[in-house]
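Working notes for the structure below.
If you're wondering where the values come from, they're calculated on a predicted model, not measured in any experiment. Chain identifiers are assigned alphabetically (A, B, ...) following the order of the sequence lines, protein sequences preceding nucleic acid strands; residue numbering begins at 1 within each chain.
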Amino acid sequence: MLDKEGIAKRIAKEIKDGYYVNLGIGIPTLVANFIPEGMDVVLQSENGLLGIGPFPFEGEEDPDTINAGKQTITILPGSAIFDSAMSFGMIRAKKVNLTILGAMEVAENGDIASWKIPGKMVKGMGGAMDLVASAENIIVAMQHVNKAGESKLLAKCSLPLTGINCVKKIVTELAVLDVLPEGGFKLLERAPGVSVEEIKNATAGKLIIEGDIPEMVI
Amino acid sequence: MNKVVSGADEAIRDIADGMTLMLGGFGLCGLPENCIAALVKKGVKELTCISNNAGVDDFGIGLMLKQRQVKKMISSYVGENAEFERQLLSGELEVELVPQGTLATRCMAAGYGMPAIFTPAGIGTEVAEGKEVRNFKGKDYLMELAFEADFAIVKAWKGDAMGNLVYRSTARNFNPVMAMAGKVTIAEVEELVEVGELDPDHIHTPGIYVHRIFQGKDYEKRIEQRTVRKK
């Protein structure tokens, strides 16, 4: 079973040289730490920056320089800053190659729910609806089951949707799965020490298992 | 053309109960702190505020929420404000949650003189309820209307008496698109410079969009999530 960093490490392997990548809040943010050295990747922050750098050294924080999670960051050489409309313009126009975000639920048709639990939690969708509606390459990073032990990979989402038919791949603490265009979660890899049986038990939606499922290499 | 006013109190003098305001900023970054303080002091009520976030409990728009000056918030993300969430869940506060890109582009549309935009954000979700959907080249788009705001209040780094503005780093965010969208736009700046000092090639908001400008003071620039690494 993977911890959060393990999930981030596995997702980092999906990033290719030359990619512009948008990382969501939470586990996706950690992915930045595992981008292989020498790989030319530019991170986009939807508050208006291409070229997110590492956290500043203590005492060098700049309140004017934050990421979409409102964390203090640095700006790399070659960066560009722009307003919020242009930021989502480049997202809508599919200039960003890969979007990695968290979710509360994903359905076997690629629907995603991530922004609201009616009557309990209303934080808002932020940029997630814009991202999932336009991005062609969306990976969801999340836990396979929620705190109550219920599967988050469902036949149909129960929570209000963020977007429809959009998630292409899911990486959880248990597995890597593709969401097939015709519907269903296709099991690609098992986390170290996790059996296919455990993944079956944790997946409520249609799980497709073909042949031997290899263990992840991280 | 001299648009300089003495300060925040004069800049907001005719903002009245029931008006719609745009407030620039993302999180606590790039907030018009001086004007927010003046609005709290003035005590105007029943406001509709268009702003990406609602501040935190004791900073930004959170200060106006605490005094119950806001009737309706139009935002994309309001997660860091407990008082906001309380007023929302209890029904005291009306909230329209708008996808962030839609929010920004509805401001932009107003500033570009366009009545509406078409965006795929929100298709198939509750955001689409009651809205016109148009299909272009096989894909559905929602029609979203340009915002109308009585006042837009923005924060810039530098500005001049003509109203030209330059922002700094990610404190730019929503400020330029909101500056373009107000019937009246107020800009508070960290430094008011002489006309001619700003390079025309480097101006982010042309002065034509700005009606009142002043040099703000005592900026706190609070950091919401201080993240650092060790040397």
Side-chain angles (χ1 to χ4, degrees), chain A residues 25 29 45-49 52 54-75 79 81-89 91-92 111 113 115-116 118-134 160-166, chain B residues 26-30 52-54 75-80 85 88-89 95 97-109 111 119-127 141-142 157 167-178 204 219-231:
Chain A
I25 294 161
T29 306
S45 193
E46 63 252 32
N47 54 323
L49 168 65
I52 305 173
F55 293 147
F57 289 118
E58 249 175 300
E60 293 176 9
E61 310 91 291
D62 172 5
D64 286 341
T65 305
I66 62 169
N67 63 17
K70 285 104 177 178
Q71 296 171 313
T72 46
I73 51 161
T74 56
I75 290 176
S79 287
I81 288 165
F82 34 85
D83 65 60
S84 300
M86 186 179 279
S87 180
F88 284 93
I91 288 165
R92 233 181 269 118
D111 289 359
W115 69 286
K116 184 178 181 183
K120 277 191 194 157
M121 188 230 46
V122 190
K123 289 188 184 297
M125 65 293 278
M129 279 195 186
D130 307 272
L131 282 159
V132 301
S134 293
L161 295 179
T162 307
I164 53 172
N165 306 315
C166 54
Chain B
F26 180 95
L28 306 182
C29 181
N52 188 53
N53 312 92
S75 304
S76 84
Y77 189 82
V78 294
E80 317 325 321
E85 209 160 334
L88 172 59
L89 292 172
V95 175
L97 288 166
V98 177
Q100 195 176 144
T102 302
L103 190 79
T105 315
R106 288 174 70 187
C107 296
M108 192 200 78
T119 175
I123 285 286
T125 76
E126 61 182 58
V127 166
Y141 295 80
L142 275 187
W157 180 40
Y167 308 90
R168 182 178 172 273
S169 196
T170 58
R172 187 181 319 187
N173 57 62
F174 279 83
N175 284 298
V177 284
M178 288 187 170
H204 298 133
Y219 282 104
E220 181 183 337
K221 291 198 185 183
R222 193 183 293 188
I223 290 173
E224 201 163 334
Q225 306 278 348
R226 186 180 300 274
T227 43
V228 294
R229 63 185 152 140
K230 288 263 187 294
K231 268 190 190 167

query: Do B:T170 side-chain atoms and A:D64 backbone N/O form a donor-acceptor pair below 3.5 Å?
result: yes
message: Under a 4.0 Å threshold between the charged nitrogen and the carboxylate oxygen, would A:E60 count as salt-bridged to B:R229?
response: no
- prompt: Would B:S169 and A:I81 satisfy side chain to side chain contact (heavy atoms under 4.5 Å, CB included), going step by step from the backbone distance to the final call?
  reply: CA-CA 7 Å; B:S169 196; A:I81 288 165; 4.0 Å; yes
field: Close side-chain approach of A:I66 to B:E224, heavy-atom, < 4.5 Å
entry: no
message: Quick one, A:K70 and B:Y77 - any side-chain contact, counting heavy atoms below 4.5 Å?
response: yes
message: Quick check for you: among B:R106, B:M108, B:K230, B:H204, which has the greatest number of heavy-atom pairs under 4.5 Å with chain A?
response: B:K230
query: Do you know which two heavy atoms are closest between A:D83 and B:P176, and how far apart they sit?
result: CB-CG, 3.8 Å
Structural part of B:N52 lying under 4.5 Å from a heavy atom of chain A: neither
field: For chain A, the option from B:T227, B:V177, B:N53, B:N175 that forms the most heavy-atom pairs under 4.5 Å
entry: B:T227
field: Part of A:I75 within contact of chain B (heavy atom distance under 4.5 Å)
entry: side chain
task: Would you mind checking which part of B:V95 comes under 4.5 Å of any heavy atom in chain A, side chain (CB onward), backbone (N, CA, C, O), both or neither?
output: neither
- request: Identify which part of A:N165 has an atom lying under 4.5 Å from any heavy atom of chain B, answering side chain, backbone, both or neither.
  value: neither
query: What residue in A:M86, A:E58, A:K116 has the most heavy-atom pairs under 4.5 Å with chain B?
result: A:E58
query: Which atom names give the shortest non-hydrogen contact between B:T125 and A:M129, and what distance separates them?
result: OG1-CE, 3.7 Å
- request: Could you have a look at A:G127, A:G48, A:G59 and say which one has the most heavy-atom pairs with chain B under 4.5 angstrom?
  value: A:G127
- prompt: Looking at B:V78, B:V127, B:L103, which has the largest count of heavy-atom pairs under 4.5 Å with chain A?
  reply: B:V78
task: Would you indicate whether the side-chain heavy atoms of B:Q225 and A:T72 approach each other to under 4.5 Å?
output: no
query: Rounded to the nearest 0.5 Å, how far apart are OG of A:S45 and CZ of B:F26?
result: 6.5 Å
- prompt: Can you find a heavy atom in the side chain of B:E85 that is under 4.5 Å from one in the side chain of A:K123?
  reply: yes
task: Check each atom of B:R172 against the heavy atoms of chain A and say whether the ones under 4.5 Å are side chain, backbone, both or neither.
output: side chain
query: Among A:A133, A:S84, A:A113, A:G124, who wins on heavy-atom pairs under 4.5 Å with chain B?
result: A:S84
- prompt: chain B heavy atoms under 4.5 Å from A:S79: which part of the residue, side chain, backbone, both or neither?
  reply: neither
field: Verdict with reasoning, A:D130 to B:Q100, per side chain to side chain contact (heavy atoms under 4.5 Å, CB included)
entry: CA-CA 7 Å; A:D130 307 272; B:Q100 195 176 144; 4.1 Å; yes
- request: Side-chain contact test, heavy atoms from C-beta onward, threshold under 4.5 Å: evaluate it for B:P120 versus A:R92 and give yes or no.
  value: yes
Donor-acceptor side-chain pairing of A:T65 and B:R168 below 3.5 angstrom: no
task: Mind listing the closest non-hydrogen atom pair of B:E126 and A:P160 along with its distance?
output: OE1-CB, 3.6 Å
query: Could you state the interatomic distance from CH2 (A:W115) to CG (B:L97), rounded to the nearest 0.5 Å?
result: 5.5 Å
task: Look at B:S76, B:A121, B:G30 and state which one has the largest set of heavy-atom pairs under 4.5 Å with chain A.
output: B:S76
- prompt: So what's closer than 4.5 Å to chain A heavy atoms on B:I123: side chain, backbone, both or neither?
  reply: both
query: Tell me, side chain or backbone of A:A68 under 4.5 Å from chain B's heavy atoms, or both, or neither?
result: both
message: Out of B:C107, B:S75, B:G101, return the one with the most heavy atom pairs under 4.5 angstrom to chain A.
response: B:G101
